[in-house]
K.L.:
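Sharing a structure with you now.
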Amino acid sequence: LATVGLQPMPALAAAADAQALIMEFTGGKEPQSGRITLTAPEIAENGNTVPVSVSVESPMTDDDYVEAVMLVAEENPNPDVATFRFTPMSGSAEAATRMRLAKTQNVMAVARMKDGSVFMDKHEVKVTIGGCGG
Amino acid sequence: MAESKPRVKVPKTAAKGEVITIKTLINHTMESGQRKDSDGNPIPRQIINMFTAEFNGSKVFEAEIEPAISANPYFEFTMRVPESGTIRFTWVDDDGSVYSEEQAIEVN
C-alpha cells in the first residue's frame, strides 16, 4: 500500500509521454510560440470525431518551408495523433483532419521548419463523450 | 471489412501557380486496437497508417497516421499548381492493402 503513494498521477505520466514525443520530433529543442495556429473546438460533444486544423506562417519556398507538423493529444492512450509532411509544392502549410479524443485534454501542434526551428500551439478541448474507448 | 472507397475533391482547372485546396476521405473503420469485443478480447488494430499525395510524381503532402485519427480518415491540404498534370493519392492499410485515386488538373 505504501508504494501506491509513489505512483505518478496518470495525467502527469501521460503529459510526460507527450513531452517526450514532442522532444523526439524537435530534436530536443523547446518549441517557441508563434507562427503556428491550431484550430480546435473548445467543446467537443463527440470525442470520436473532433475537427482540427493547423496553419503555419511560411513562404513555402525551396529554401524556407515547413517540413512537418505533429499533432499530439496529451491524454489519449497513445498521445501520437498524426504527422503531416509538407513540401514547397504544398503552397501553404495548412491541413485539416478529424481526430479522436479519449477525454478532456490539451491538444498540441508542433511545426518544424526547414532551418530546424520549432513552434507550438496548444488548445484544451473539453470532451463530452470520449472517443478511442469501448 | 467493407471495401475502402476513396473520395477526393480537387478543382479540375487552376491558374498556373495558384494554391488550391484538396479534400480527401476514405471509408475505413480505423480500428484503434484499444477496443474489446463482447467477450472482453482485445480487437486488433487495423488502420490506414499513411496517406500520400503526389503531383506528376513529386510529393505534395503526406500524413503519418496513428489510431487517434477518426474513422473514415479525412484530410484537407493545399497544393501550388505548377503545370497541368495528375494528382495521385495513396492510402496504406495496416494489412498491406494500398488504395489509390487519381485526378487530372488542367492549367488554363
Side-chain angles (χ1 to χ4, degrees), chain A residues 18 21 25 39 44 46-56 58-62 65-103 105 107-108 125 127 130-134, chain B residues 9 14-26 28-38 40-43 45 47-83 85 87 105:
Chain A
L21 201 62
F25 177 76
T39 305
N46 180 358
N48 279 307
T49 175
V50 182
V52 290
S53 63
V54 292
S55 173
V56 190
S58 166
M60 298 303 276
T61 60
D62 287 348
Y65 65 94
V66 181
E67 277 184 343
V69 170
M70 178 188 242
L71 279 175
V72 178
E74 207 171 62
E75 290 179 44
N76 269 3
N78 168 9
D80 202 347
V81 176
T83 301
F84 300 144
R85 298 191 186 282
F86 299 95
T87 68
M89 265 190 85
S90 305
S92 74
E94 291 175 34
T97 189
R98 296 170 188 149
M99 64 181 285
R100 292 167 169 155
L101 288 172
K103 56 179 169 177
Q105 58 183 293
V107 176
M108 279 95 90
V125 181
V127 177
C132 303
Chain B
K9 196 171 176 188
K16 187 177 168 69
E18 185 182 347
V19 177
I20 60 170
T21 298
I22 294 166
K23 297 175 181 181
T24 71
L25 184 129
I26 189 165
H28 194 285
T29 52
M30 297 291 282
E31 190 59 60
S32 69
Q34 301 287 338
R35 299 197 313 147
K36 290 186 171 125
D37 65 18
S38 51
N41 302 311
I43 303 171
R45 168 185 143 154
I47 66 166
I48 298 279
N49 59 53
M50 178 71 87
F51 167 74
T52 312
E54 286 179 330
F55 183 75
N56 290 349
S58 300
K59 193 184 289 178
V60 175
F61 176 81
E62 185 178 87
E64 285 171 27
I65 306 164
E66 300 293 332
I69 293 296
S70 302
N72 306 326
Y74 170 81
F75 294 103
E76 182 181 325
F77 55 96
T78 62
M79 179 181 105
R80 185 181 285 139
V81 182
E83 62 197 359
I87 183 157
I105 303 171

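Just so you know, these numbers use all the heavy atoms, side chains as well, and skip hydrogens, waters and symmetry mates. Residue numbers begin at 1 in each chain, while the letters A, B, ... track the order of the sequences.
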K.L.:
Nearest 0.5 Å, please: how far is CD in A:Glu67 from CZ in A:Phe25?
P.N.:
8.5 Å

K.L.:
Examine whether an atom of A:Val50 lies under 4.5 Å from a heavy atom of chain B, and if so say whether it belongs to the side chain, the backbone or both; otherwise answer neither.
P.N.:
backbone

K.L.:
Would you call the rings of B:Phe61 and A:Phe84 parallel, tilted or perpendicular, taking 30° and 60° as the class edges?
P.N.:
tilted

K.L.:
Quick one: what part of B:Ala53 sits under 4.5 Å from any heavy atom of chain A, side chain, backbone, both or neither?
P.N.:
neither

K.L.:
So which of A:Pro51, A:Ala68, A:Ser90 has the biggest tally of heavy-atom pairs under 4.5 Å with chain B?
P.N.:
A:Ser90

K.L.:
How long is the gap from CE on A:Met89 to CG on A:Asp62, to the nearest 0.5 Å?
P.N.:
11.0 Å

K.L.:
With respect to chain A, which residue among B:Lys59, B:Glu76, B:Glu18 yields the maximal number of heavy-atom pairs within a distance under 4.5 Å?
P.N.:
B:Glu76

K.L.:
Would you mind checking which part of B:Leu25 comes under 4.5 Å of any heavy atom in chain A, side chain (CB onward), backbone (N, CA, C, O), both or neither?
P.N.:
side chain

K.L.:
Against chain B, label A:Pro88 side chain, backbone, both or neither, depending on which of its atoms sit under 4.5 Å from a heavy atom there.
P.N.:
backbone

K.L.:
About how many Å separate CE of A:Met70 and CG of A:Leu21, when rounded to the nearest 0.5 Å?
P.N.:
4.0 Å

K.L.:
To the nearest 0.5 angstrom, please state how far the CD1 atom of B:Ile20 sits from the CZ atom of B:Phe55.
P.N.:
7.5 Å

K.L.:
With a 4.5 Å cut-off on heavy-atom pairs, point out which of B:Asn72, B:Thr21, B:Val19, B:Val60 contacts chain A the most.
P.N.:
B:Val60

K.L.:
To the nearest 0.5 angstrom, please state how far the CD1 atom of B:Ile22 sits from the CD1 atom of B:Ile105.
P.N.:
5.5 Å

K.L.:
Check each atom of B:Pro73 against the heavy atoms of chain A and say whether the ones under 4.5 Å are side chain, backbone, both or neither.
P.N.:
neither

